[in-house]
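Position 1 is the first residue of the sequence, and the numbers go up from there.
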Amino acid sequence: KSFGEIILPRLRFDRADAIASFGGDFLGSEPSAPVAIREFSSRRRVRQRADSMNRLWVVEGNMTVTGANADHRLAVSPSASAALAFALARALNQKHGIALPAGLDPAFLGEFEPAKIAGSLGIPRSLLDALASDLAKVGRNALVLAGRMMPAQLHTACALLNRMLGAEGNEDYGAAGGAMQILPAAQAAQAFAAVKPGEYSAAIFWGVNPAYWLPDEGAWRSALSTISLKVFIGLHRDETAQDCQVVLPEHHWLEAWGDCEMSAGLLTLQQPAIGPLYDSKQGEEILLGWIRALGGAVPDGYRLY
């Protein structure tokens, strides 16, 4: 919503003099913590008198590892964090003269009066002013972030703050190459409605349940009637599984190997946390088994990853 495309940020804590984290436990539970810990701690070492330290402001509901390491911690519920972030943007604009991005009407921030928001959250106004002053002072050397589980409005507010401060250089953005492209329900319904008799001899449904979420049940039934073999791979015997002749249980993600891109350019291996509890297989291994049965030379799932 902020950038017009699906992107993954790569937060650069080693570049920031002041960090404001809204519900982002980047030193603890966030996926990119190993990198963040190294970069953040590199700016906390003082070896000579001339060395400076970064400052960490944390706004969070429950105590986290990041909050425990904060220079200043504000206890705020996740549902109220976005209002506080927008109040901070208004303070930067009105008190420190930092312009809003072109095209954004200042009236948008009208309801986020800093004193009113601080009072409603039980936060001293002086503390909110100190945070605004700190970010304004370092400007482009600031970094504002939101935790991955925080509301979308808060992520928008943090993107706004970084834009206002000119601190976007502390975020390396990359295209989310591994992100799944979700087909809108209406478009999916049209695709099923366009299936012609004899066009497909087999269909594999892996981890999806179109029988449940397709708005046009008639299109689903009509498409299925033209396909001879219907195979389902998944965790549960759901509505789609009940319409298939072959139902194959797959591993839970805690039982499976995998890989993911936790932040831009950071590829991570997913290792099983437990052994399989039931007689199931990893979804990828099921597909690889079929390829082998057809004479294809492919490795097992473990070697593949």
_Regarding E168 and N162, do their side chains bring together a donor and an acceptor under 3.5 Å, going by distance alone?_
no
*Is any side-chain N of the basic residue among R45 and D51 closer than 4.0 Å to the acidic one's carboxylate O?*
no
*Where do V298 and L288 come nearest, in terms of heavy atoms and distance?*
CG2-O, 3.8 Å
*More than 12 non-hydrogen atoms from neighbouring residues, nucleotides or ligands closer than 6.0 Å to CZ on R163, yes or no?*
no
*Are the side chain of E285 and the backbone of Q282 linked by a donor-acceptor contact shorter than 3.5 Å?*
no
*For the residue pair F22 and C158, establish whether any side-chain heavy-atom pair is separated by less than 4.5 Å.*
yes
*asked:* Any heavy-atom pair between the side chains of I204 and L229 that's under 4.5 Å?
replied: no
*More than 12 heavy atoms of other residues, nucleotides or ligands under 6.0 Å from NE2 of H72: is that the case?*
yes
*Under a single-linkage definition using a 4.5 Å side-chain heavy-atom cutoff for Ile, Leu, Val, Met, Phe, Trp and Tyr, are L56 and V138 assigned to the same hydrophobic cluster?*
no
*So, the side chain of E60 versus the backbone of A75: is there a donor-acceptor pair under 3.5 Å, distance only?*
no
*E250 and W206: side-chain donor and acceptor closer than 3.5 Å?*
yes
*Stepwise side-chain contact (heavy atoms from CB on, under 4.5 Å) check, V58 with I19*: CA-CA 8 Å; V58 172; I19 302 166; over 6 Å; no
*If you count the non-hydrogen atoms of other residues, nucleotides and ligands that lie under 6.0 Å from CE in M149, is the total more than 12?*
no
*asked:* Using the rule that Ile, Leu, Val, Met, Phe, Trp and Tyr join whenever any side-chain heavy atoms are under 4.5 Å apart, tell me whether V144 and F108 fall into a single cluster.
replied: yes
*So, the side chain of R15 versus the backbone of G169: is there a donor-acceptor pair under 3.5 Å, distance only?*
yes
*Keeping the roles fixed (side chain from S32, backbone from V35), state whether a donor-acceptor pair exists under 3.5 Å.*
no
_Taking atom CZ as the centre, does R140 end up with more than 12 heavy-atom neighbours from other residues, nucleotides or ligands that are less than 6.0 angstrom away?_
no
*Using modelled atom types only, decide if a donor and an acceptor are shared between the side chain of D259 and the backbone of L269 within a distance under 3.5 Å.*
no
*How close do S2 and T156 get, heavy atom to heavy atom, and via which atoms?*
OG-CA, 3.9 Å
*Are L121 and L127 joined in one hydrophobic group, where the rule is that I, L, V, M, F, W and Y side chains link up if heavy atoms are under 4.5 Å apart?*
yes
*Check the pair L235, H252 against side-chain contact (heavy atoms from CB on, under 4.5 Å), reporting the backbone distance first and the verdict last.*
CA-CA 7 Å; L235 288 173; H252 185 273; 4.2 Å; yes
_Presence of salt bridge, E111 and R90, under 4.0 angstrom_ = no
*Could you state the interatomic distance from CD1 (I117) to CG (L88), rounded to the nearest 0.5 Å?*
11.5 Å
*Pairwise distance CG(L248) to CH2(W290) - rounded to 0.5 angstrom*: 5.5 Å
*Hey, is the main chain of Y212 close enough, under 3.5 Å, to the side chain of E239 for a donor-acceptor pair?*
no
*Are F232 and F192 in one and the same hydrophobic cluster, where Ile, Leu, Val, Met, Phe, Trp and Tyr link if side-chain heavy atoms are under 4.5 Å apart?*
yes
*Which distance, rounded to the nearest 0.5 Å, do you find between the NZ of K281 and the CG of D279?*
8.5 Å
*Please step through side-chain contact (heavy atoms from CB on, under 4.5 Å) for the pair T240 and V208, ending with a clear verdict.*
CA-CA 8 Å; T240 299; V208 294; 5.8 Å; no
*So how far is it from L11 CG to E30 CD, rounded to the nearest 0.5 Å?*
8.5 Å
_Just by distance, no angles: are the side chains of S42 and D14 close enough, under 3.5 Å, to form a donor-acceptor pair?_
no
*Would you mind reporting whether V76 and L84 have side-chain heavy atoms less than 4.5 Å apart?*
yes
*Does any N or O in the side chain of Q270 come within less than 3.5 Å of the main-chain N or O of A256, such that one atom is a donor and the other an acceptor?*
yes
*Would you name the heavy atoms of I233 and L287 that are closest together and state the gap between them?*
CD1-CD2, 4.3 Å
*Step-by-step side-chain contact (heavy atoms from CB on, under 4.5 Å) determination, Y200 to V195*: CA-CA 8 Å; Y200 298 103; V195 174; 4.0 Å; yes
*Give the ring-plane orientation class for F13 versus F26, where under 30° counts as parallel, over 60° as perpendicular and anything between as tilted.*
parallel
*Closest heavy-atom contact between N141 and N170?*
C-ND2, 3.7 Å
*asked:* Within the structure provided, determine whether P106 and L100 are in side-chain contact (heavy-atom separation under 4.5 Å).
replied: yes
*What are the two closest heavy atoms between P31 and R148, and how far apart are they?*
CD-NE, 3.1 Å
_Within this structure, what is the CG-CG distance for the pair L161 and L145, rounded to the nearest 0.5 Å?_
11.0 Å
*Are any non-hydrogen side-chain atoms of K230 and V246 less than 4.5 angstrom apart?*
no
_Taking the basic N atoms (NZ, or NE/NH1/NH2) and the acidic carboxylate oxygens, is any pair closer than 4.0 Å for R43 and D17?_
yes
_Expected output: side-chain S41 to main-chain I37 donor-acceptor under 3.5 Å_ = yes
*Would you please indicate yes or no on a ring centroid separation below 6.0 angstrom for W220 and F205?*
yes
_Contact summary for L27 and V65, nearest pair of heavy atoms_ = O-CG1, 3.7 Å
*Presence of salt bridge, E39 and R44, under 4.0 angstrom*: no
*Will you find, in the side chains of W57 and D134, an N or O donor that is under 3.5 Å from an N or O acceptor?*
yes
*Starting from the C-alpha separation in whole Å, work towards a yes-or-no answer on salt bridge (charged side-chain N to carboxylate O under 4.0 Å, His left out) for K95 and D129.*
CA-CA 9 Å; K95 186 174 181 179; D129 288 341; 3.8 Å; yes
*Do E113 side-chain atoms and A115 backbone N/O form a donor-acceptor pair below 3.5 Å?*
yes
*Hey, quick one: are L74 and L143 part of the same hydrophobic cluster, counting side-chain heavy atoms closer than 4.5 Å, chains of contacts allowed?*
no
*Which distance, rounded to the nearest 0.5 Å, do you find between the NE2 of H155 and the OG of S81?*
10.5 Å
